[in-house]
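The structure under discussion appears below in the form of structure tokens.
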Amino acid sequence: EKARAKINFEMIENSVRLDIMAKKHEDARRKNLVNAIKSYQIELAKANQEIVEQLGNLSFELFRRAHELMNEKIETYIKLQEDAKNRRRDRLLEIEQTFSHNERVRIQLEDSEIKQTEELLNSAIHFINELRNDINDLIKNIETVQIQSLQDTHVFLQPISKSLSDTSDIKELVVSGLK
């Protein structure tokens, strides 16, 4: 019976050792999984930060180019307006000379030229306002993408803080990972 008890004791002891080994192995596996998830999320956050930085650079470049384009278009439009103004002036002088003896026709033609000039000015105002609105929309779109990217970074890092109890370790990992 002592031999049997000894065998039972050894079996129980071996079973306990196996359970301990299994638990250690499970703990190591969980720790590796948590570390892999942390690394993955930190890499996602880094990638997202790089995207945000690139968007910042891109937004600056886009804004600069949009501003240059706006200035070019305004200069072109001003030249067109100047040409149109000169043509209107020449046309008004021509009307004055050609129809100086017929005041009624002269006044109607002059009124027509003045109306066309007013329409040209209104078109210029509309063009400049549309250009300004387009630039503002571009800036808002870029800002929206940047804000969304920053929010995505927060979302990427949130599971880390929920899965681990030591948040100071997470903050240290995140801060060092983002540098």
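These values consider heavy atoms only, across backbone and side chains, with no hydrogens, waters or symmetry-generated copies. All values reported here derive from a predicted model rather than from experimental measurement. Residues take their numbers from the sequence shown, with the count starting at 1.
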List, one per line, each side-chain donor-acceptor pair under 3.5 Å for residues 121-129, sequence neighbours excluded.
from, atom 1, to, atom 2, distance (Å)
Asn122, ND2, Glu118, O, 3.4
Ser123, OG, Glu119, O, 3.0
Asn129, OD1, Arg132, NH2, 2.2
Asn129, ND2, Ile125, O, 3.3

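Partners of Glu10 under the salt bridge (charged side-chain N to carboxylate O under 4.0 Å, His left out) rule, at least two apart in sequence or in another chain, do not exist in this structure. Residues passing the salt bridge (charged side-chain N to carboxylate O under 4.0 Å, His left out) test with Arg91, sequence neighbours excluded: Glu94, Glu113. Annotation: salt bridge (charged side-chain N to carboxylate O under 4.0 Å, His left out) contacts of Arg17 (sequence neighbours excluded): Glu13. Remark: Glu130 pairs with no residue by the salt bridge (charged side-chain N to carboxylate O under 4.0 Å, His left out) rule, at least two apart or across chains.
The hydrophobic cluster containing Phe9 does not contain Leu18, counting ILVMFWY residues as joined when their side-chain heavy atoms lie under 4.5 angstrom apart, directly or transitively. No continuous path of ILVMFWY side-chain contacts below 4.5 Å connects Phe99 to Ile107, so the two sit in separate hydrophobic clusters.
Applying the side chain to side chain donor-acceptor pair (under 3.5 Å) rule to pairs touching residues 96-107 yields Arg106-Glu110, sequence neighbours excluded.
A salt bridge is defined here as a Lys NZ or Arg NE, NH1 or NH2 lying under 4.0 Å from an Asp or Glu carboxylate O, and Arg4 with Glu1 fails to meet this definition. In this structure, Glu26 pairs ionically with Arg29, as a charged nitrogen and a carboxylate oxygen lie closer than 4.0 Å. Look at Asp27 and Lys24 and you find no salt bridge, because none of the NZ, NE, NH1 or NH2 atoms lies under 4.0 Å from a carboxylate O.
Within a 6.0 Å sphere centred on CZ of Arg65, other residues, nucleotides and ligands contribute 12 heavy atoms or fewer.
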